[in-house]
*Asks:* 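My structure is below; once you've seen it, I'll send some questions.
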Amino acid sequence: MNADAFVYRDNQLFAEDIAVSTLAERFGTPTYVYSRRMLESAYCAFDDAFSAVDHLVCFAVKANSNIGVLNLLARLGSGFDIVSGGELKRVLKAGGSPDKIVFSGVAKSVADIRLALETNILCFNVESGAELERIQQIAAACNRTARISFRVNPDVDAQTHPYISTGLRENKFGVAFEDALALYQRAAAMTHIEIHGIDCHIGSQLTSVSPFVDALQRVLGLVDALRATGIELKHIDIGGGLGVRYRDEIPPTPAEYAHQLLAQLASRNLKVLCEPGRAISANAGIMITRVEYLKDNGDRHFALVDAGMNDQIRPSLYGAWMKLEPVSVRSDVGTAVYDVVGPVCETGDFLGKERELTIAAGDLLVLRDAGAYGFVMASNYNSRGRPAEVIVDGDMAHLVRQREGFDDLIRGEQLLPGHDHG
Ligand SMILES: *Cc1c(COP(=O)(O)O)cnc(C)c1O
């Protein structure tokens with residue numbers, strides 16, 4: 001469906017039609033590289049999968065919020081799922097349409113709600129009664145009407161990592177299923193609230209469709225119960241969460257996912273919204289890093305690379321397994337099993353453990369499937385500037401975010417007044 005843009009030609013790894021080694025020379029390391037072709041074809045796979053019904057694909061901006069990436073998707077007509085005012089401003093900067101934006105997030109601030117109302121976004125995905133009250137108040141004060149959905153928590157087990165499972169009662173997300181009816185009735189009586197839909201998002205990196213189907217069935221029960229009380233919804237937002245292959249997972253394709261969900265929705269007059277993040281951008285990105293040193297501690301081999309957990313935190317944070325590949329395939333040095341670790345002063349700073357690699361100091365490595373929850377989670381820990389970001393398009397490469405330097409690191413900081421220094 002989405003042909004890999006990162007393949008070897010004559011033992012050299014390419015990104016579309018450019019050698020990765022050329023990108024490393026031009027932009028330095030570590031650098032994130034995204035394939036325009038893979039981003040666009042992943043978006044189109046979702047858009048096509050739902051083409052039988054009125055629908056809107058809202059890319060989850062938190063997965064990859066580079067404005068160059070958002071702009072490519074906006075040009076294709078994508079909607080966006082945001083979780084902050086900062087993400088809203090990014091989407092607008094990237095040319096996204098306000099009437100295709102949905103606003104998720106458990107603790108929306110007054111300022112962010114006001115900005116979203118002034119922007120006239122499509123819908124707020126409301127996560128509590130208290131938030132509903134706050135939106136009503138702000139909307140009344142600025143004389144706007146807020147379109148809303150409630151994010152309901154269907155209490156289904158997404159069978160994914162506990163840190164990225166969101167649809168269980170014990171999670172902080174959404175409103176309890178049994179409270180939803182009363183909340184909709186409260187909303188229906190409010191002056192500046194317009195009930196628009198219902199929303200549910202149960203977790204991330206799901207590799208089977210059945211939890212989505214279970215959740216949808218429960219939500220549809222609620223849609224019926226609402227109709228019986230006279231509340232008619234215009235849309236159902238099925239959230240994001242479709243998984244991707246990092247190692248040997250075999251997630252459903254967007255077409256398989258949509259097929260099963262649409263079967264549940266047949267004959268209902270509901271617009272379908274979905275909020276994929278990872279499934280659109282993960283496979284479309286890589287991170288290039290350079291081996292600084294090789295060393296042995298006892299019988300353990302280490303490859304010390306120039307990218308650390310501040311650049312890419314998924315292995316450290318979730319124990320995520322991400323593929324590491326050499327940029328040049330060589331046979332003139334020995335093969336060994338390495339822990340690939342970064343320069344950050346934390347034992348948890350690694351990109352991969354026990355990887356068989358044929359490498360020498362100075363070689364380039366690529367961390368695959370790094371296009372989602374990669375750069376967006378990068379930090380300046382250890383006073384390290386965040387990496388550059390590049391989009392490749394055929395044989396062209398565009399820098400869409402320059403590497404951070406020292407001025408970026410200390411922006412906004414200042415010395416105390418009254419003492420000479422330097
Ligand atoms: C994170 C998130 C998404 C996207 O999840 P993916 O697993 O990246 O598809 C969608 N909707 C909401 C509300 C989210 O929090």
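First listed ligand is number 1; within each ligand, the first listed atom is number 1.
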*Asks:* Considering the heavy atoms of P276, write down every atom of ligand 1 situated less than 4.0 Å from one of them.
*Replies:*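 In order of number, 9 (O).
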
*Asks:* Compute the shortest N/O to N/O distance between Y373 and ligand 1 and return yes if it is under 3.5 Å, no if not.
*Replies:*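 So ligand 1 has an N or O lying under 3.5 Å from an N or O of Y373.
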
*Asks:* Is there a donor-acceptor contact under 3.5 Å linking the side chains of E87 and S65?
*Replies:*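 E87 vs S65: no donor-acceptor pair found between side chains.
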
*Asks:* Show the atoms of ligand 1 that are less than 4.0 angstrom away from any heavy atom in S104.
*Replies:*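 Those of ligand 1 that fall under 4.0 Å from S104 are 13 (C).
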
*Asks:* Compute the centroid of each ring, for F14 and then for F6, and state whether the two points are separated by less than 6.0 Å.
*Replies:*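 No.
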
*Asks:* Under 4.0 Å from ligand 1, counting heavy atoms only, is it the side chain of S204, its backbone, both or neither?
*Replies:*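 Both the backbone and the side chain of S204 come within reach of ligand 1.
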
*Asks:* Before signing off on this row, confirm whether G277 and ligand 1 have an N or O atom pair separated by under 3.5 Å.
*Replies:*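 In this structure, G277 places an N or O atom under 3.5 Å from an N or O of ligand 1.
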
*Asks:* How does V83 reach ligand 1, if at all, at less than 4.0 Å between non-hydrogen atoms: by side chain, backbone, both, or neither?
*Replies:*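 V83 to ligand 1: no contact under 4.0 Å from either part.
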
*Asks:* Given E275, R278, K62, which has its nearest heavy atom closest to atom 1 (C) of ligand 1?
*Replies:*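 Going through E275, R278, K62 one by one, K62 has the nearest heavy atom to atom 1 (C) of ligand 1.
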
*Asks:* Assess the pair F302 and Y338: is the distance between their ring centroids shorter than 6.0 Å?
*Replies:*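 For F302 and Y338, the ring centres are not under 6.0 Å apart.
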
*Asks:* Taking only heavy atoms of D81 into account, list the atoms of ligand 1 that are under 4.0 Å away from them.
*Replies:*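 Answer for ligand 1: 10 (C), 11 (N), 12 (C), 13 (C).
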
*Asks:* Answer side chain, backbone, both or neither: which part of H201 comes under 4.0 Å from ligand 1, heavy atoms only.
*Replies:*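 Near ligand 1, H201 shows its side chain, while the N, CA, C and O stay back.
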
*Asks:* Decide whether S104 and N125 meet the rule of one side-chain donor and one side-chain acceptor closer than 3.5 Å.
*Replies:*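 Present: a donor and an acceptor within the cut-off.
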
*Asks:* State which residue, out of F177, F173, Y184, fulfils the ring pair (Phe, Tyr, Trp, His ring centres under 6.0 Å) condition with F150.
*Replies:*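 It is Y184; the other options fail the test.
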
*Asks:* Is G241 in polar range of ligand 1, meaning some N or O pair under 3.5 Å apart?
*Replies:*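 G241 vs ligand 1: N/O contact under 3.5 Å present.
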
*Asks:* Which atoms of ligand 1 sit under 4.0 Å from any heavy atom of R151?
*Replies:*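 Numbered from 1, ligand 1 contributes 13 (C).
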
*Asks:* I need the single residue from K271, K234, H235 that forms a side chain to side chain donor-acceptor pair (under 3.5 Å) with H196. Which is it?
*Replies:*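 Filter result, single survivor: H235.
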
*Asks:* May I ask you to check whether R147 and N120 show a side-chain donor-acceptor distance below 3.5 Å?
*Replies:*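 Checked: R147/N120 side chains pair up, N/O donor to acceptor below 3.5 Å.
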
